[in-house]
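Working notes, structure below.
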Amino acid sequence: MFMRTVRSHASPRPATMASLMMDKSFEEHVLRIVSSVFDAYSAVLFQPDDHERCYRLGASFSLGDKVVKEAIVKPGEGLVGWIATNNQPLLVESMDQHRRRLGYYNGEDESDIKCFMGCPLPNGGALCADSKRPYSFAEKELKILQLFARLLTRQVVRPAEGEFMGGGHNYFEELCKVLDLPKQYKNWSQLLPLFLDYITNATGFRYGAFASLDRNGQTYAVEAETEPVFLEGGEPRTFDIYSGLAGWVLREGRLVKVSQNEGQTTQLFGSDDEGMPEFQSVICQPLDINKSTMGVFCLGNLDRTDIRQPMLSFLKQAVDQLALGLENLSLKHRLRGMLPKALRDGPA
């Protein structure tokens, strides 16, 4: 039982803080992914220059060649300057209705841009994306861009805490795949196994499972797993809400990570059945829908695993993105239910 081929990864490439901070290729790689995720025309990163008291274009990716490579934006100047100075995200769905200077195109080239969004970086500056099509971005896309900004800042500014590219894992590329999943698969039963496979592949954990809270709030059910360990004949298996680490996460709505020494093990779902694996390393990441914990993604290894912050950051961003998609779907269903009533009642 519990036999699985461990996925192999490429040998890690050595990285130092100096190389990451001085080489733009890392930031440009991230911006390429941002542009791909949002189908953007350009994605740009502005960083603070404290000496000159301005914001300089640190990196960019564009489908064209119109971005001014040496662009400088003063505090409060244009949309980028407003975002960086006020430390607030901004979404402009139609530039024709809100004509303000972007700051990284020449004047005549800006007229082609019809939609824009940007968010501040925690360490100063701004991450922005634009499109030649109006209404290309909405609030959901802006929230995802903010996740990229936090992730980018955490790993570029403090790579010494664990390189984002370290261990052979390119978490940004894996996150890009996760972001594309809801576009390709609308059916939950198809999406969930693929999502589990992606996050286990990215983190190097051998086992992954998803458990959801039952409506009675007293039990939870394991819906899917990467290999048959807890599921009986493919049917969801139910556990008491007070059993296992998964039950604790569902009650408390907080992340749990465990990496124990040899001989110490953890019951993921609290089952005492013979043959059930006792994991030495575990991560349980809650899934919050409309501010309530509704499920938990669980990763387990039979041996001790070095659980670092980049891995936890990736897992949280991936699950948060999935939650945004589910919240959007839930909103659509509620609106569909409200529409017939509104049509029947008519205007007040």
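Both backbone and side-chain heavy atoms feed into the values below; hydrogens, waters and symmetry mates do not. Remember, it's a predicted structure, so these values are computed and weren't measured experimentally.
Note that CZ of F239 is 4.5 Å distant from CZ of R237, once rounded to the nearest 0.5 Å. Expressed to the nearest 0.5 Å, how far CE of M117 lies from CD of Q146 amounts to 9.5 Å. Taking NZ of K316 as the start and CG of L255 as the end, the distance is 9.5 Å to the nearest 0.5 Å. Taken from OG in S212 to CG in L287, the straight-line distance is 9.5 Å, to the nearest 0.5 Å. Rounding to the nearest 0.5 Å gives a distance of 10.0 Å between CD1 of I307 and CG of L315. Between E252 atom CD and T293 atom OG1 the span is 9.5 Å, to the nearest 0.5 Å.
Closest approach of P286 and V249 over heavy atoms only: CB-CG1, 3.8 Å. Here the closest non-hydrogen pair linking Y242 and D240 is N-OD1, 2.8 Å. In plain terms, the two heavy atoms of M294 and L250 that are nearest each other are C-CD2, 4.1 Å. Residues V37 and F148 approach most closely at CG2-CZ, 4.3 Å, considering heavy atoms. A40 and A129 get closest at one heavy-atom pair: CB-CB, 4.1 Å. Scanning both residues, C119 and I83, for their nearest heavy atoms gives C-CG2, 3.6 Å.
Side-chain atoms of S62 do not come within 3.5 Å of backbone N or O of V67 as any donor-acceptor pair. S281 places a side-chain N or O within 3.5 Å of a backbone atom of T305 that can act as its donor or acceptor partner. A donor-acceptor contact shorter than 3.5 Å is absent between the side chain of D49 and the backbone of Y55. A donor-acceptor contact shorter than 3.5 Å links the side chain of E141 to the backbone of A138. Checking side-chain atoms of D197 against main-chain N and O of T200 turns up no donor-acceptor pair under 3.5 Å. Put simply, the side chain of N301 never gets that close to the backbone of D303: no donor and acceptor are under 3.5 Å apart. Within the 3.5 Å criterion, the main-chain N or O of R32 finds no donor-acceptor partner in the side chain of S35. Judged by distance alone, the side chain of T203 and the main-chain N or O of I199 form a donor-acceptor pair under 3.5 Å. Panel note: side chain E223, backbone S189; no donor-acceptor pair is recorded below 3.5 Å.
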Passes side chain to side chain donor-acceptor pair (under 3.5 Å), K114 versus S131? Steps please. CA-CA 6 Å; K114 303 300 182 182; S131 173; over 6 Å; no

Derivation of the side chain to side chain contact (heavy atoms under 4.5 Å, CB included) call for E70 and L57: CA-CA 6 Å; E70 303 298 326; L57 184 71; over 6 Å; no

Evaluate the criterion side chain to side chain contact (heavy atoms under 4.5 Å, CB included) for residue pair F38 and I144; output intermediate values, then yes/no. CA-CA 9 Å; F38 300 119; I144 298 171; 3.7 Å; yes

Begin from the C-alpha positions of Y104 and D130 and carry the test side chain to side chain donor-acceptor pair (under 3.5 Å) through to its verdict. CA-CA 11 Å; Y104 51 90; D130 63 45; 2.8 Å; yes

Side chain to side chain contact (heavy atoms under 4.5 Å, CB included) assessment of F116 paired with M95: CA-CA 7 Å; F116 168 88; M95 292 292 288; 4.0 Å; yes

Begin from the C-alpha positions of Q285 and L312 and carry the test side chain to side chain contact (heavy atoms under 4.5 Å, CB included) through to its verdict. CA-CA 9 Å; Q285 173 66 49; L312 296 175; over 6 Å; no

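Using the six-membered ring where Trp is involved, F269 and Y220 have ring planes that are tilted, between 30° and 60° apart.
Under the 4.5 Å side-chain criterion, counting only non-hydrogen atoms from C-beta, M311 is in contact with I283. At least one side-chain heavy atom of L213 sits less than 4.5 Å from a side-chain heavy atom of I241. Residues C298 and F210 form no side-chain contact, since every pair of their non-hydrogen atoms from C-beta on lies 4.5 Å or further apart. V73 has its side chain out of reach of L102: every pair of non-hydrogen atoms, C-beta onward, lies at least 4.5 Å apart. In this structure, the side chains of C284 and L268 come closer than 4.5 Å at one or more pairs of heavy atoms. Looking only at side-chain heavy atoms (C-beta outward), L145 and K143 stay at 4.5 Å or farther from each other. At a threshold of 4.5 Å between non-hydrogen side-chain atoms, the residues E93 and Y135 count as touching. Using a 4.5 Å heavy-atom cutoff, the side chains of S94 and C115 are not in contact.
The distance between the ring centers of W188 and F195 does not fall below 6.0 angstrom.
Taking D306 as the reference, R308 meet the salt bridge (charged side-chain N to carboxylate O under 4.0 Å, His left out) condition, with sequence neighbours excluded.
Annotation: side-chain hydrogen bond (donor to acceptor under 3.5 Å, both in side chains) contacts involving residues 76-92, sequence neighbours excluded, are absent.
Of the N and O atoms on the side chains of E225 and Y207, at least one donor lies less than 3.5 Å from an acceptor on the other residue.
Under the 4.5 Å side-chain heavy-atom criterion for ILVMFWY residues, a single connected hydrophobic cluster contains both L299 and L194. The hydrophobic clustering, which links ILVMFWY residues whose side-chain heavy atoms are closer than 4.5 Å, places Y105 and I72 apart.
Residue C128 is tested with L90, V44, V34, L31 for a side chain to side chain contact (heavy atoms under 4.5 Å, CB included); the sole match is V44.
In the displayed structure, R254 atom CZ is contacted under 6.0 Å by at most 12 heavy atoms of other residues, nucleotides or ligands.
For the pair K132 and Y41, the distance from NZ or CZ to the six-membered ring centre is under 6.0 Å and the angle to the ring normal is within 45 degrees.
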